[in-house]
Amino acid sequence: SCARQQGPGPQAAHSWVLVSFYKLCQFEDPDDMMRRLRAAWEPLGVRGRVYVAHEGINAQVSVPDNVMRLFESTVTSISELDGVYLNKDE
């Protein structure tokens with residue numbers, strides 16, 4: 001699940017980390033997955049483009065540096081994204 005994470009707010013960030021990832025996998029309900037991601041990432045201040053389709057996901061986002069670990073934990077908590085590589089430009 002993508003429960004809302006508690007921790008430092010994005011306002012305290014010193015910089016942003018560009019993160020991109022993709023995974024070919026089956027999403028039975030892409031709209032539901034998008035809602036789950038938005039609910040998890042909006043409180044963290046994540047910005048960018050995320051494309052979710054029945055056949056997979058493609059994301060290019062900017063993450064405040066001080067919430068990067070929380071962002072990573074939201075990704076790894078999603079079973080469909082198990083094993084996805086997060087390409088980070090730090």
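Numbers for residues simply follow the sequence, beginning at 1. Basis for what follows: all heavy atoms, side chains included, without hydrogens, waters or symmetry-related copies.
For Glu55, there are no salt bridge (charged side-chain N to carboxylate O under 4.0 Å, His left out) partners two or more places apart in sequence or in a different chain.
Ring geometry for Phe21 against Phe71 counts as tilted: the plane angle lies between 30° and 60°, on a 0 to 90° scale.
Note that OG1 of Thr76 and CG of Asp82 are 9.0 Å apart. Values are rounded to the nearest 0.5 Å. Distance check: Leu81 CG to Ile57 CD1 gives 5.0 Å after rounding to the nearest 0.5 Å.
When atom types are taken as modelled, the side chain of Lys88 and the backbone of Ser20 share no donor-acceptor pair closer than 3.5 angstrom.
Of all the heavy atoms in Glu28 and His54, the pair that sits closest is O-CE1, 3.4 Å. What you find for Pro43 and Arg38 is that their closest heavy atoms are CD-O, 4.1 Å. When all heavy atoms are compared, the tightest approach of Val50 to Ala59 is CG2-CB, 4.0 Å.
You'll find the side chain of Glu72 reaches within 4.5 Å of the side chain of Leu86, heavy atoms only. Annotation: side chain of Val63 is not in contact with side chain of Trp16 (no heavy-atom distance under 4.5 Å). Considering only heavy atoms from C-beta on, Phe27 stays 4.5 Å or farther from Asp32 through its side chain. Contact check for Val19 versus Met68: side-chain heavy atoms found under the 4.5 Å cut-off. When side chains are defined from C-beta on, Asn58 does not count as touching Arg49, because their heavy atoms never get closer than 4.5 Å. Under the 4.5 Å side-chain criterion, counting only non-hydrogen atoms from C-beta, Pro64 is in contact with Val67. A heavy-atom distance below 4.5 Å is found between the side chains of Gln60 and Tyr51. Between Val61 and Arg47, every side-chain heavy-atom pair lies at or beyond the 4.5 Å cut-off.
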Audit row: Val75, Trp41, side-chain contact (heavy atoms from CB on, under 4.5 Å) steps and yes/no | CA-CA 10 Å; Val75 173; Trp41 294 350; 3.9 Å; yes
Output, in order, the C-alpha distance, side-chain angles, deciding distance and verdict of side-chain contact (heavy atoms from CB on, under 4.5 Å) for Leu37 and Glu42.
-> CA-CA 8 Å; Leu37 293 173; Glu42 278 185 358; over 6 Å; no
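Taking a 6.0 Å sphere around CZ of Arg69, one finds it holds 12 or fewer heavy atoms contributed by other residues, nucleotides or ligands.
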